[in-house]
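What's counted below: heavy atoms across the whole structure, side chains too, no hydrogens, waters or symmetry copies. Just so we're on the same page: letters track the sequence lines, and every chain starts at 1.
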Amino acid sequence: MAILAFACLFFLVGIMVTLFVEGAPTFKDVRFFEFIFGKYWYPTHEDAEFGILPLILGSLWVTAGAVLVSVPLGVGSALFINELAGRKLKAFLKPVLELLAGIPSIVFGFFGMVVVAPFLQRLLNLPVGLTAFTGSLILGVMAAPTVASIAEDALSYVPKSFREASYALGANRWQTLTRVVIPAAASGISTAIILGMSRAIGETMTVLMVCGGAAVIPHTLFQPVRPMTATIAAEMGEAVFGSTHYHSLFAIGLVLFLITLVFNAIAELISRRFRLKLGLGR
Amino acid sequence: MKSKVLFIILAAVAGLALIAGTPLAAEKTITIKGSTTVLPIAQACAETFMNSHLDISISVQGGGSGVGITSIIDGTADIGDASRPAKDKEFAKARENGFELYENVVAMDGIAVIVHPSNPLSALTKEQIKNIYTGNISNWKDLGGKAGKIVVVSRDSASGTFETFNELALDGEKVRPDALLNASNKAVATTIATTPQAIGYIGLGYLSNEVKGLKVDNVDPTKANVLNGSYSLSRKLFMYTRGEPKDAVKTFLDYVTSPEGQKLIDQAGFVGLK
């Protein structure tokens with residue numbers, strides 16, 4: 001068992017080392033500052049430019065939009081399943097959510113490309129339906145089961161005594177829910193939201209298919225963007241082995257890895273802090 | 001009694017091994033990797049080739065032109081498909097490894113410039129295409145069409161199709177940064193088919209009724225025009241090998257360029273050499 005646990009650590013370290021070793025040569029040709037804050041991504045042009053700011057913003061933009069969709073959807077489902085649904089409904093809804101989580105991302109991507117994008121294009125009268133918004137919408141639906149299942153766990157861990165105490169003080173169901181249960185589960189719900197964000201920012205196939213792929217700094221949600229993951233997936237296969245372009249794709253992977261690391265660190269920090277506050281540390 | 005049972009089992013096992021063994025008796029294997037454009041050619045040819053050459057088995061993988069050429073250099077494939085000629089850097093890398101990258105032209109491919117079927121335009125000049133893709137023209141009314149923003153769709157800048165288009169149509173100038181970059185010919189065709197204001201480009205073999213192929217400099221994007229050289233947006237397709245092809249690889253490449261192989265290439269939507 002210990003060996004298996006350490007094997008995970010071994011793979012993690014291996015991946016990090018690979019990202020560093022393969023990504024570092026980028027900075028022989030491109031200055032770090034130009035790489036992160038450069039506005040143009042022309043990796044194969046004779047006069048090549050390796051600015052990934054549009055890609056970073058593209059990822060964050062789509063992720064932010066996805067949060068707006070996945071939080072109401074995910075937390076709402078968790079609350080409903082935990083608080084309002086009867087036993088039969090609960091037994092039906094939980095597996096459905098898990099089924100939604102199990103749909104391969106390429107299926108979501110294809111659905112988005114063929115159905116959602118043309119629909120949004122006509123509905124909103126956009127020049128093109130493949131936009132950050134389309135990506136956000138689909139990623140939000142994809143991340144919702146993750147958010148819902150972790151948030152639901154958090155809600156179910158709230159001790160029964162909390163509710164009983166609240167009812168005993170004369171609070172009604174709504175007051176108990178908003179002032180006692182949700183604050184008590186806040187750390188778990190926050191963790192759920194941030195893990196949902198990690199899921200959204202790391203998603204590749206869907207954003208590759210529905211976000212349009214234009215490497216520009218986004219000004220609205222309704223324009224095509226090119227997230228980091230889509231760039232790596234689309235270009236790795238064709239990049240000349242050992243070129244700056246090839247190495248820069250690993251460097252993008254490193255940036256992405258650091259961003260998700262920050263997300264996870266924040267999730268950990270929040271859950272620890274709330275736990276102490278509630279005296280559930282032990 | 002016991003030995004009789006044992007004998008029957010042994011005989012059965014031996015018989016099964018014999019039956020199972022025959023079709024697997026391929027003595028040589030050829031690995032093909034590379035360009036997704038050349039992939040359908042390699043697949044179609046490999047399938048029919050293996051039917052008549054039971055001693056050779058072929059595995060075909062995609063990955064892109066870069067992967068195709070790289071896998072020849074590092075020896076992980078016997079044939080590297082590419083929709084662009086190898087770069088000097090790649091030739092040099094092969095020489096470093098002690099062999100010559102050998103170029104085999106197997107077919108031609110034309111790039112069709114496509115729009116939504118509802119688009120009133122039916123022809124553009126190369127100059128106009130260049131101006132659209134570099135950002136000098138961004139409204140259809142400047143081209144005599146219905147007023148509306150042009151949605152420019154391009155391929156990923158690392159793909160062979162992009163590189164060829166960039167060279168043939170844009171003279172190496174940069175594509176406008178807000179162009180949509182799609183990852184495959186099929187994805188471009190789908191985007192164009194669902195977006196009335198879009199323009200894109202795909203391999204000739206991917207042309208369908210869902211999209212409208214434009215005349216370029218008044219020449220239709222047809223196979224005949226690619227072969228007679230009048231259609232300007234056309235290119236060669238390659239299968240690279242480690243030095244001159246030998247043995248099984250040579251037999252296969254001879255088959256690809258034979259009339260039978262070239263017929264399969266035509267059927268796959270490309271342009272055979274003859």
Side-chain angles (χ1 to χ4, degrees), chain A residues 39-49 51 54 109-110 112-122 125-131 204-205 207-219 223-226 230-243 245-246 248-249, chain B residues 33-36 61-71 73-74 82-84 86-87 89-90 93 138 140 148-163 166 170 172-184 186-188 190-198:
Chain A
K39 288 182 188 159
Y40 297 101
W41 176 250
Y42 285 107
T44 56
H45 200 268
E46 267 173 46
D47 173 22
E49 290 183 72
F110 189 70
M113 193 174 179
V114 180
V115 180
V116 182
F119 173 73
L120 285 175
Q121 189 242 323
R122 258 174 281 134
N125 202 16
L126 300 168
V128 61
L130 303 168
T131 64
T204 305
M205 209 57 222
V207 292
L208 180 64
M209 293 170 84
V210 303
C211 287
V216 276
I217 292 174
H219 297 289
Q223 74 184 71
V225 294
R226 186 174 185 79
T231 308
I232 299 174
E235 297 177 16
M236 191 50 98
E238 305 264 3
V240 179
F241 177 73
S243 64
H245 182 203
Y246 176 84
S248 71
L249 294 176
Chain B
K33 270 190 206 171
S35 164
T36 45
Q61 295 162 27
S65 300
V67 169
I69 295 168
T70 305
S71 58
I73 294 170
D74 60 25
S83 55
R84 59 162 171 84
K87 295 173 181 169
K89 212 173 168 179
E90 289 163 333
K93 202 137 198 174
S138 11
W140 284 110
K149 187 180 186 287
I150 302 178
V151 175
V152 177
V153 182
S154 182
R155 285 290 311 280
D156 277 305
S157 58
S159 75
T161 316
F162 171 83
E163 249 174 337
N166 197 35
L170 308 183
E173 277 192 42
K174 284 177 181 167
V175 170
R176 52 188 302 160
D178 64 352
L180 278 74
L181 304 188
N182 285 1
S184 69
K186 191 74 196 114
V188 173
T190 309
T191 307
I192 303 298
T194 54
T195 314
Q197 281 162 249

Item to complete: Tell me, for A/T231 versus chain B, whether the close heavy atoms (under 4.5 Å) come from the side chain, the backbone, both or neither.
Response: neither
Fill in: Spatial distance of atom CG (A/D47) from atom CD (B/E173) [nearest 0.5 Å]
11.5 Å
Worksheet, complete the sentence: In short, B/R176 meets A/Y42 closest at the heavy-atom pair C-OH, 3.8 Å
Worksheet item: Heavy-atom distance under 4.5 Å to chain B: side chain of A/P224, backbone, both or neither?
Response: side chain
Practice prompt. Measure the spacing between NE2 of A/H45 and CG of B/L170 and express it to the nearest 0.5 Å.
Written response: 8.5 Å
Fill in: Partners meeting side chain to side chain contact (heavy atoms under 4.5 Å, CB included) with A/A233 (sequence neighbours left out)
A/T204, A/L208
Discussion item. Using 0.5 Å steps for rounding, measure from the CH2 atom of A/W41 to the CG atom of B/L181.
Written reply: 11.5 Å
Worksheet entry | Whether over 12 other heavy atoms sit under 6.0 Å from A/K39 NZ | no
Worksheet, complete the sentence: Closest non-hydrogen contact found for B/T194 with A/Q121 is O-OE1, 3.2 Å
Item to complete: Search all heavy atoms of A/Y40 against all heavy atoms of B/P177 and return the closest pair with its distance.
Response: CE2-CG, 3.9 Å
Item to complete: Kindly compute the distance separating OG1 (B/T191) from CG (A/L130), expressed to the nearest 0.5 Å.
Response: 5.0 Å
Worksheet item: Can you say whether B/V67 sits under 4.5 Å from chain A via the side chain, the backbone, both, or neither, judging by heavy atoms?
Response: both
Discussion item. For a 4.5 angstrom cut-off between non-hydrogen side-chain atoms, does B/D156 reach A/R226?
Written reply: yes
Worksheet item: Given that the side chain runs from C-beta out, which part of A/Q223 has a heavy atom under 4.5 Å from chain B: side chain, backbone, both or neither?
Response: neither
Worksheet entry | Pairs of heavy atoms under 4.5 Å with chain A: top-ranked of B/I150, B/D74, B/V151 | B/V151
Fill in: Structural part of B/A198 lying under 4.5 Å from a heavy atom of chain A
neither
Worksheet item: If you count heavy-atom pairs under 4.5 Å between each of B/K149, B/K89, B/K174, B/K93 and chain A, which one has the most?
Response: B/K174
Worksheet item: If you count heavy-atom pairs under 4.5 Å with chain B, which of A/G129, A/P43, A/P118, A/G212 comes out on top?
Response: A/G212
